[in-house]
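Okay, so here's the structure we're looking at.
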Amino acid sequence: MSYESHCLHCGEPLTGRQVRTCSPRCRKAIQRPPRPLQPCKLCGEPFQPVGPGRRSVCDYETEADDRCRDLQDDAEDAQAARTAALSAAECQGPNCGAPVPYKGRGRPQRFCSARCRTRCYRLTRLK
């Protein structure tokens, strides 16, 4: 029986009683089947998804061609413009008009504080 001198998955040198892989993580990576190719949602080209995240576009550094990089840059600019527009919102409380901070996710807030929200509710309820 011949033994390997480096890990079959990551290439690290093996030490001690290690025979094929350097860790349980590398052993599992060799046993698990590769993920199927997915189409990029921007350019439509198939790519190999890697990593724990739910990536839906080609990797900017390694897999994306110039067209896909341009599309990713455009999408990032559009997201930044949307965030800037949402961060410029004003409080809808009566006689307030203070800027409402946008936290970057979900529906933007209508009021700058709980005090403004309560005041608006009480004014509309009494009418």
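We're numbering straight along the sequence, starting at 1.
Remark: Arg125 CZ to Cys120 SG distance equals 12.0 Å, nearest 0.5 Å. Rounded to the nearest 0.5 Å, atoms CG (Leu37) and CD (Glu45) are 11.0 Å apart. Atom CZ in Arg25 sits 10.0 Å away from atom SG in Cys10 (nearest 0.5 Å). Going from atom SG of Cys91 over to atom CZ of Arg115 covers 10.5 Å, rounded to the nearest 0.5 Å.
Formation of a donor-acceptor pair under 3.5 Å by the Glu63 side chain with backbone atoms of Asp59 is found in this model. A side-chain donor-acceptor contact under 3.5 Å links Arg67 to the backbone of Cys43. Within the 3.5 Å criterion, the main-chain N or O of Arg35 finds a donor-acceptor partner in the side chain of Gln48.
Judged as a side chain to side chain donor-acceptor pair (under 3.5 Å), and not counting sequence neighbours, the contacts of Asp73 are Tyr60. For the salt bridge (Lys or Arg N to Asp or Glu O under 4.0 Å) test, residues two or more places apart in sequence or in another chain that qualify with Arg69 are Asp66.
When side chains are defined from C-beta on, Pro13 does not count as touching Ser5, because their heavy atoms never get closer than 4.5 Å. Side-chain atoms of Glu76 and Gln79, non-hydrogen and from C-beta on, never get closer than 4.5 Å to each other. The shortest side-chain heavy-atom distance between Leu14 and Val19 does not fall under the 4.5 Å cut-off. You'll find the side chain of Cys58 reaches within 4.5 Å of the side chain of Cys68, heavy atoms only. Counting only heavy atoms from C-beta outward, the side chains of His6 and Glu12 never approach each other to under 4.5 Å. Residues Cys112 and Pro99 fail the side-chain proximity criterion, which asks for heavy atoms closer than 4.5 Å.
His9 approaches Cys26 most closely through the heavy-atom pair CD2-SG, 3.6 Å. In terms of heavy-atom proximity, Arg55 sits nearest to Gln38 at O-OE1, 3.7 Å. Across all their heavy atoms, Leu8 and Ile30 have their closest contact at CB-CD1, 3.6 Å.
Environment of CD in Glu61: sparse, with no more than 12 heavy atoms of neighbouring residues, nucleotides or ligands closer than 6.0 Å. Within a 6.0 Å radius of CG in Asp77, more than 12 heavy atoms belonging to other residues, nucleotides or ligands are found.
Put simply, Phe111 and Val100 are part of two different groups of oily side chains (I, L, V, M, F, W, Y) that touch within less than 4.5 Å, one to the next.
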